[in-house]
Structure formats: C-alpha cells, structure tokens
Amino acid sequence: MKKVRIKTPLGIAEICGNSEGISSIKVLDDEQSTSTDIPEELALAVKQMQDYFTGELQNFDLKLNPEGTAFQKRVWDHLQKIPFGKTTSYLQLSKDLGDEKAIRAVASANGKNPLWIVVPCHRVIGSDGSLTGYAGGLHRKKWLLEHENPPLQQSLF
C-alpha cells in the first residue's frame with residue numbers, strides 16, 4: 001500500500017492506495033509532514049485533490065478501492081451521485097436507497113466513508129438543513145459546502 005500526504009486548506013490529507021485503486025483519503029487533525037515524493041499510483045489522486053481545492057475540478061475520476069461491507073459500498077456509491085454544489089438529507093438518502101427506516105444504518109455508513117471529499121459525504125445534511133455530524137469536523141463540512149456553493153456577492157448599489 002502506497003501513501004502520500006499533501007497540504008490542503010483544511011489540513012494535511014493522507015491518500016492511500018495501490019494499482020487496485022485509492023483505498024482511503026483522510027484529513028489529519030495533527031500536524032504531519034507532507035510527502036516529498038508522490039508514488040505513481042497516487043499521482044492522479046493528488047492532482048485531482050489539488051484541482052478540487054483550487055476550484056478547477058468538480059467531479060473526481062479516480063479508480064476507487066475502499067474496504068467496507070456491501071451495504072456501506074452501496075451507500076458510498078450513492079453518495080457519488082450527489083451533484084457538486086448540491087446537498088441531500090440522511091432521510092432522502094435512505095429513501096433513495098429504498099428504505100427510509102434504514103436512516104441510522106445509512107448515517108453510520110456515511111460516517112465510515114474512507115474517501116474524504118471524493119465520496120462526498122459532506123453533502124449530506126439534516127432534514128432541517130442543519131450541518132449534522134461529520135467525521136472531519138463540522139467546520140470542515142461548512143467550508144466544503146461553501147467551497148462548492150459560494151454565497152453570491154450582494155451588490156452594494
């Protein structure tokens with residue numbers, strides 16, 4: 001398994017993967033040093049993450065290989081269908097997956113998403129529009145949602 005750490009506006013991101021695909025991307029809370037060498041298997045992921053943060057990329061196109069249960073992978077696949085700049089609720093996500101009573105299981109799978117930003121779990125909010133739960137911290141969720149859908153500049157005149 002190859003690993004690389006890159007600087008992002010939200011902290012150091014650690015990307016892990018191999019020729020089978022990217023298995024995890026996570027943001028680290030403690031200060032870690034960034035990598036000086038980028039393994040060939042991770043170069044595209046690094047480039048796309050950088051492009052996302054500069055506003056040049058809205059849709060990731062990476063070979064993914066996360067570890068998880070069949071149910072978790074189904075939830076993560078569905079998360080990738082949420083368009084850039086849009087949000088959905090945990091309840092709506094549960095309904096879209098065919099069982100609104102599975103809301104807790106869906107929320108749990110969402111919280112275990114190993115592919116930060118690429119599988120956009122940050123786009124799932126509470127039914128009332130609140131920024132509920134986010135493994136990376138609510139301040140990061142808020143930043144990501146504003147990055148993807150910046151507030152319109154109001155005219156002063």
Side-chain angles (χ1 to χ4, degrees), residues 1-90 92-94 96-97 103-126 130-150:
M1 190 67 58
K2 307 283 183 165
K3 187 183 294 188
V4 66
R5 290 188 181 122
I6 62 169
K7 185 172 180 60
T8 77
L10 296 174
I12 303 298
E14 183 177 84
I15 304 169
C16 297
N18 57 27
S19 61
E20 299 296 314
I22 305 301
S23 57
S24 73
I25 301 174
K26 60 186 174 185
V27 64
L28 306 173
D29 283 322
D30 53 341
E31 280 300 315
Q32 300 275 337
S33 59
T34 56
S35 302
T36 54
D37 295 323
I38 300 172
E40 181 181 335
E41 299 89 343
L42 305 179
L44 183 59
V46 168
K47 170 85 170 92
Q48 288 190 18
M49 288 290 286
Q50 291 168 335
D51 289 349
Y52 170 85
F53 282 111
T54 61
E56 297 173 36
L57 180 87
Q58 294 185 356
N59 298 302
F60 290 91
D61 184 21
L62 299 170
K63 184 177 178 183
L64 304 178
N65 189 26
E67 286 188 27
T69 67
F71 179 78
Q72 288 170 332
K73 289 180 180 183
R74 191 167 152 240
V75 172
W76 301 336
D77 286 343
H78 203 79
L79 290 171
Q80 293 179 75
K81 296 175 184 172
I82 305 169
F84 182 91
K86 303 291 182 190
T87 59
T88 191
S89 69
Y90 291 99
Q92 187 59 52
L93 185 58
S94 299
D96 292 347
L97 288 163
I103 189 168
R104 287 182 182 220
V106 167
S108 176
N110 194 55
K112 291 181 173 130
N113 168 25
L115 293 159
W116 184 57
I117 299 175
V118 173
V119 174
C121 59
H122 60 277
R123 296 180 188 154
V124 182
I125 60 175
S130 63
L131 297 183
T132 58
Y134 187 63
L138 290 180
H139 67 288
R140 288 188 179 113
K141 184 173 190 166
K142 182 177 186 292
W143 190 99
L144 291 167
L145 292 174
E146 288 176 352
H147 174 70
E148 293 183 2
N149 196 9

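- Taking CD from Glu148 and CG from Leu144, the interatomic distance works out to 6.5 Å, rounded to the nearest 0.5 Å.
- Val106 has its side chain within reach of Phe71: a pair of non-hydrogen atoms, C-beta onward, lies under 4.5 Å apart.
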request  = List the steps, then state whether side chain to side chain contact (heavy atoms under 4.5 Å, CB included) holds for Glu14 with Ile25.
outcome  = CA-CA 6 Å; Glu14 183 177 84; Ile25 301 174; over 6 Å; no
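- Counting heavy atoms from C-beta on, the side chains of Lys112 and Gln72 come closer than 4.5 Å.
- Separation of atoms CG (Asp29) and CG (Leu10) is listed at 11.0 Å; rounding is to 0.5 Å.
- The main-chain N or O of Tyr90 is found under 3.5 Å from a side-chain atom of Ser94 such that the two form a donor-acceptor pair.
- A 4.5 Å side-chain heavy-atom check between Arg123 and Lys86 finds every atom pair outside the cut-off.
- Between Pro39 and Val4, the closest heavy-atom pair is CD-CB, 4.1 Å.
- Distance CD/Gln48 to CG/Leu57: 5.5 Å, rounded to 0.5 Å.
- Taking CZ of Arg140 as the reference point, atom CG of Leu131 lies at 14.5 Å (rounded to 0.5 Å).
- In terms of modelled atom types and a separation under 3.5 Å, the side chain of Lys2 and the main chain of Ser19 share no donor-acceptor contact.
- With a 4.5 Å cut-off on side-chain heavy atoms, Ile125 and Leu145 count as touching.
- Exactly one residue among Leu44, Val118, Asn65, Ile15 makes a side chain to side chain contact (heavy atoms under 4.5 Å, CB included) with Ile22. That residue is Ile15.
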message = Between Trp116 and His122, is the side chain to side chain contact (heavy atoms under 4.5 Å, CB included) condition met? List the steps.
response = CA-CA 8 Å; Trp116 184 57; His122 60 277; over 6 Å; no
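- Atom CG of Asp30 has more than 12 neighbouring heavy atoms from other residues, nucleotides or ligands inside a 6.0 Å radius.
- Taking the side chain as every heavy atom from C-beta outward, Leu64 and Gln80 approach each other to under 4.5 Å.
- To the nearest 0.5 Å, atoms CG (Asn113) and CH2 (Trp76) are separated by 6.5 Å.
- Judged purely by atom type and a 3.5 angstrom limit, Lys3 has no side-chain atom pairing as donor or acceptor with the backbone of Ser35.
- Atom CG of Leu79 is separated from atom CG of Asn110 by 5.0 Å, given to the nearest 0.5 angstrom.
- In this structure, Glu56 places its CD atom where more than 12 heavy-atom neighbours from other residues, nucleotides or ligands lie under 6.0 Å away.
- Looking only at side-chain heavy atoms (C-beta outward), His147 and Tyr52 come within less than 4.5 Å of each other.
- Between Trp143 and Phe53, the ring center distance clears the sub-6.0 Å criterion.
- Annotation: side chain of Leu138 is not in contact with side chain of Lys142 (no heavy-atom distance under 4.5 Å).
- Of the possible polar contacts, none joining the Ser24 side chain to the Pro114 backbone as a donor-acceptor pair under 3.5 Å is found.
- Contact check for Lys81 versus Asp96: no side-chain heavy atoms found under the 4.5 Å cut-off.
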